[in-house]
Structures are given as structure tokens and as C-alpha cells.
Amino acid sequence: MPELPEVETVKNELIPYVVGRRIASVTLNWEGMVTPAAGQFRSRLAGRKITTITRRGKYLIFSLDSGDLLLIHLRMSGSLLVGTDVSSPPAYTRAVLHLDDGNNIFFRDPRKFGRMRLVADAAAVVGRLGPEPLEAGFTAITLAGLLVGRKAPLKAVLLDQNVIAGIGNMYADEALFAAGLHPLRPAGSLKPEEVKRLHRSIRRVLTAAINARGASVSSYVRPGGQKGQAHFSFKVAHRRGEKCPVCATPLERLVVRGRGSYLCPKCQTLENGDLRG
DNA sequence: CCCGGAACCTGAAGGC
DNA sequence: TGCCTTCAGGTTCCGG
């Protein structure tokens with residue numbers, strides 16, 4: 001699933017193909033994925049030059065010379081693929097941005113969850129997102145302030161995009177394991193030392209995943225079609241039944257707020273202040 | 001405001 | 001082998 005490291009990788013690898021190019025035209029095979037409606041979406045994009053691509057949380061933001069912003073969210077199964085052959089697009093291609101140099105951006109998305117929104121003001125979509133966890137300003141003190149007073153499970157708070165932007169199910173599990181914290185710990189119950197460990201773990205896990213070009217556990221691939229490598233370094237995510245790499249206890253999966261959560265029951269206990277991790 | 005659950009989708013995996 | 005059910009999870013919406 002595309003989370004912060006996957007979206008960051010897609011952004012970095014799309015930039016050489018896209019920045020400075022014009023969108024010649026747009027093909028929509030699934031009109032439900034765009035806002036505003038298809039006609040206006042196409043006409044406002046046609047002929048526009050893409051000046052930059054940035055990322056905010058799990059959103060890709062294409063800046064256009066018209067002042068409009070194209071916000072793309074890959075959700076569960078989306079990927080953006082670069083190619084020149086329009087006659088044989090990737091399977092499940094829902095939209096195509098045809099560029100003025102013969103390249104095309106294919107939005108492949110088997111489950112049709114992905115979305116593209118064309119807006120004049122990005123804040124309307126991303127304005128409520130929490131801080132970027134890899135920015136310098138995101139300190140252990142920042143994190144402590146976000147967790148204080150919350151009774152919700154730690155895992156649920158990490159997944160809340162309005163608290164911290166970009167963490168999804170896989171990296172929440174990996175960060176919690178690295179910090180030795182149980183996903184059901186009430187978020188506000190962490191001691192300062194535990195918050196520090198969690199802060200360090202979040203940044204290490206996300207940085208390592210970006211360096212590995214993302215995790216291809218599902219249908220995620222990079223714009224050139226290559227897979228990422230980050231999942232080979234996962235300690236617990238999607239490894240039910242395997243042994244904990246630290247203590248060899250069989251890993252478990254439980255459901256937290258409807259999300260499958262992988263953990264080591266020995267390294268990640270519910271007891272307040274257990275510093276095993 | 002907070003929480004939980006359904007809905008959106010469809011391929012993959014598991015059960016019988 | 002094949003049909004049927006369940007699972008997967010990012011986000012939004014709705015009810016309590």
C-alpha cells in the first residue's frame with residue numbers, strides 16, 4: 001500500500017519525466033476518480049505545464065502554470081507508471097495524462113479507490129493534515145504534544161492523518177515494534193522515554209523505507225515498473241506466524257480499529273513502562 | 001468531540 | 001476443479 005515512503009519514491013522518480021512538461025490531453029477510463037467532473041477536469045488540465053511535484057502526507061501535488069494544483073492520492077492499490085505506448089496501457093489503467101514529449105503517466109488502480117482532484121487551493125484538501133514526520137521540526141516534543149491526553153490506542157493515533165501525516169498500517173506496525181510498544185497502549189500513557197523511542201523509530205523506519213524505494217507488499221510499483229525493496233526489511237508487518245527477529249517468539253496479528261496489526265507479544269507488552277524493546 | 005463501523009472496490013486467498 | 005465467502009486497508013461518511 002502506498003504510504004509516505006512509497007509516495008515519496010513515486011514523486012522523486014516522476015520528477016525527471018514530468019517537471020517542465022505540458023499535459024497535452026487527459027484520458028479518463030473511470031470518471032468517478034476525478035474532481036471536478038470529467039469535462040472540466042480535462043479542459044483545465046489540457047495545455048498546462050507542470051512546474052513542480054511535491055508530497056504532503058500521502059498526497060502527490062502537481063503544481064501547474066495556471067495556478068491550479070493537481071492532487072493525486074493512490075489510496076490502496078494505485079500506481080503511476082510512465083510509458084510511451086498508449087496502444088497497450090497497463091491493466092486497470094483508470095486515467096492517462098498524455099505529455100507533450102510522447103511520454104504518458106498511466107494511473108493504474110485495480111480497486112478504483114485512487115483519486116485525482118484539481119483545486120486552486122491545496123489547503124482545501126491537505127490543510128488539516130498533521131505534521132510531516134521527517135521534517136526537522138518534528139521532534140520528540142512535538143510527538144509528545146500530539147499524544148498527550150489521548151485515550152485512543154497508540155496504533156489508531158499513528159494512523160490518524162490529522163495527527164501525523166503519511167504513516168499507514170505497515171509503517172505503524174514497524175515503528176511500534178522498533179519502539180517496543182504495544183499497539184493498544186493508550187496514546188497518552190507513554191512516558192517521555194517511550195515517546196522518544198517512538199519518535200526515533202518512526203523516523204528510522206520511514207527513512208529506511210524511502211532509501212529502499214518503498215515496499216511492494218501489494219500492487220505497489222515505482223513509475224518505471226520496478227518494485228521497492230523495503231518489505232524485505234520488515235520485522236513484523238505481514239509476517240504472522242513467523243518468529244520475532246529479536247526473541248523468536250511467534251508473531252501475532254490482532255485487529256485494532258478494524259486494521260490488521262502485527263506484533264511480537266513478548267517485545268511489545270501492554271504493561272506501562274516495560275522497557276524491553 | 002470521540003469512537004466504531006460501514007461504504008467504496010476488486011483481486012487474492014481460503015474453505016468446502 | 002470450482003463456487004462461495006472472507007480479507008485486505010486509506011479515506012470519508014454517518015450514527016451513537
Side-chain angles (χ1 to χ4, degrees), chain A residues 1-11 28-36 55-61 71-80 90-95 107-117 119 122-130 132-133 145-176 183-189 206 209 214-221 227-228 230-231 234 236-242 251-263:
Chain A
M1 328 308 150
E3 304 179 22
L4 187 156
E6 288 74 31
V7 179
E8 178 72 13
T9 300
V10 171
K11 182 206 74 177
L28 298 176
N29 301 323
W30 168 248
E31 297 192 354
M33 76 184 308
V34 301
T35 306
R55 179 192 58 75
R56 179 77 173 93
K58 300 171 190 170
Y59 288 87
L60 285 168
I61 303 177
L71 276 60
I72 299 180
H73 200 301
L74 301 172
R75 295 280 183 99
M76 308 281 301
S77 61
S79 43
L80 297 175
Y92 309 106
T93 292
R94 307 303 184 191
F107 195 150
R108 170 190 141 87
D109 187 13
R111 294 179 67 177
K112 298 182 178 173
F113 279 11
R115 293 290 182 268
M116 291 197 284
R117 297 183 62 168
V119 297
V125 180
V126 299
R128 295 178 58 192
L129 292 177
E132 287 289 326
L146 293 168
L147 301 181
V148 68
R150 291 182 185 266
K151 296 170 186 169
L154 197 44
K155 171 83 180 272
V157 173
L158 291 181
L159 291 179
D160 186 340
Q161 301 301 296
N162 296 327
V163 177
I164 304 170
I167 299 175
N169 205 41
M170 301 183 298
Y171 296 109
D173 283 355
E174 288 298 306
L176 288 171
L184 289 176
R185 279 282 298 278
S189 74
L206 294 177
S216 289
V217 295
S218 182
S219 57
Y220 164 77
V221 290
K227 294 188 173 185
H231 52 296
F234 282 175
V236 293
H238 298 114
R239 292 188 181 276
R240 171 169 42 174
E242 297 183 34
L251 301 176
E252 292 181 358
R253 177 183 181 272
L254 51 88
V255 175
V256 179
R257 288 277 230 280
R259 297 285 170 267
S261 301
Y262 298 85
L263 74 156

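It should be emphasised that the depicted structure is a prediction, and the values quoted were computed from it without experimental measurement. The chains referred to below are lettered A, B, ... by the order of the sequence lines, with proteins before strands, and numbering in each begins at 1.
Rounded to an integer number of Å, the gap from CZ of A:R257 to C1' of B:dA6 is 15 Å. Atom pair A:L4:CG and C:dG10:C1' shows a separation of 14 Å (rounding to whole Å applied). Counting to the nearest Å, the P atom of C:dG9 and the CG atom of A:N169 are 5 Å from each other. What separates NE2 of A:H73 from P of C:dT11 is a distance of 3 Å, to the nearest Å. Regarding A:L159, its CG atom lies at a distance of 15 Å from the C1' atom of B:dG4, rounded to whole Å. Here C:dA8 presents its C1' atom at 12 Å from CE of A:M170, a figure rounded to the nearest Å. Distance, A:I164 CD1 to C:dT11 P: 14 Å, rounded to whole Å. When the P atom of C:dT11 is taken as reference, atom CZ of A:R56 falls 12 Å away, rounded to whole Å.
Using a 4.0 Å heavy-atom criterion, one finds that A:A152 contacts the sugar-phosphate atoms exclusively. Residue contacts for A:G32: at a heavy-atom cut-off of 4.0 Å it reaches no nucleic acid atom on any strand shown.
For A:R253, counting side-chain heavy atoms from C-beta on, the closest listed nucleotide (C:dC7, B:dG11, C:dG10) is C:dC7. The side chain of A:R75 lies closest to C:dT11 when the candidates are B:dG4, C:dG9, C:dT11. Each of B:dC3, C:dG10, B:dT10 was ranked by its minimum atom distance to the side chain of A:R94; first place goes to B:dT10. You'll find that the side chain of A:M1 is closest to C:dG9, out of B:dT10, C:dT11, C:dG9.
Residue A:Y59 places no side-chain N or O under 4.0 Å from the OP1 or OP2 atom of C:dT11. Note on A:K112: every side-chain N or O is 4.0 Å or more away from OP1 and OP2 of B:dC8. Of the side-chain N and O atoms in A:Q161, none sit less than 4.0 angstrom from OP1 or OP2 of C:dG10. Side-chain N/O atoms of A:K151 include none lying less than 4.0 angstrom from OP1 or OP2 on B:dC2.
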### Task
Test side chain to side chain contact (heavy atoms under 4.5 Å, CB included) on A:M170 and A:E3 and set out the steps.
CA-CA 8 Å; A:M170 301 183 298; A:E3 304 179 22; 3.4 Å; yes

### side chain to side chain contact (heavy atoms under 4.5 Å, CB included) evaluation trace for A:E132 with A:R55
CA-CA 10 Å; A:E132 287 289 326; A:R55 179 192 58 75; 2.9 Å; yes

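The aromatic rings of A:F234 and A:Y171 stand perpendicular to each other, their planes meeting at an angle above 60°, with 30° marking the opposite boundary.
In this structure, A:F113 counts as stacked on the base of B:dC8 under the 5.5 Å centre distance and 30° plane angle limits.
On a pure distance criterion of 3.5 Å, a polar donor-acceptor pair joins the side chain of A:R111 and the base of C:dA8. Counting distance only, with no hydrogens placed and no angle test, the side-chain atoms of A:R128 and the base atoms of C:dT11 include no donor-acceptor pair under 3.5 Å. For a distance-only test at 3.5 Å, the side chain of A:R259 qualifies as a donor-acceptor partner of the base of C:dG10.
Between C:dC4 and B:dC9, the distance separating the two P atoms is 23 Å to the nearest Å. A gap of 24 Å separates the P atoms of C:dT12 and B:dG11, to the nearest Å.
Nearer the 5' end of DNA chain C, as judged by each residue's closest nucleotide, is the contact made by A:V255, out of A:V255 and A:I167.
For A:P183 against A:V256, the heavy-atom pair with the smallest separation is CB-CG2, 4.3 Å.
Every side chain to side chain donor-acceptor pair (under 3.5 Å) that A:E242 has, sequence neighbours left out, goes to A:R239.
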For residues 155-168 of chain A, tabulate all N or O donor-acceptor pairs below 3.5 Å that involve a side-chain atom, not counting sequence neighbours.
{"unit_1": "A:K155", "atom_1": "NZ", "unit_2": "A:N169", "atom_2": "OD1", "d": "2.8"}
{"unit_1": "A:K155", "atom_1": "NZ", "unit_2": "A:D173", "atom_2": "OD1", "d": "2.8"}
{"unit_1": "A:K155", "atom_1": "NZ", "unit_2": "A:G260", "atom_2": "O", "d": "3.4"}
{"unit_1": "A:K155", "atom_1": "NZ", "unit_2": "A:S261", "atom_2": "OG", "d": "2.6"}
{"unit_1": "A:D160", "atom_1": "OD1", "unit_2": "A:N162", "atom_2": "N", "d": "2.9"}
{"unit_1": "A:Q161", "atom_1": "OE1", "unit_2": "A:G166", "atom_2": "N", "d": "2.8"}
{"unit_1": "A:Q161", "atom_1": "NE2", "unit_2": "A:L159", "atom_2": "O", "d": "3.1"}
{"unit_1": "A:Q161", "atom_1": "NE2", "unit_2": "A:I167", "atom_2": "O", "d": "2.9"}

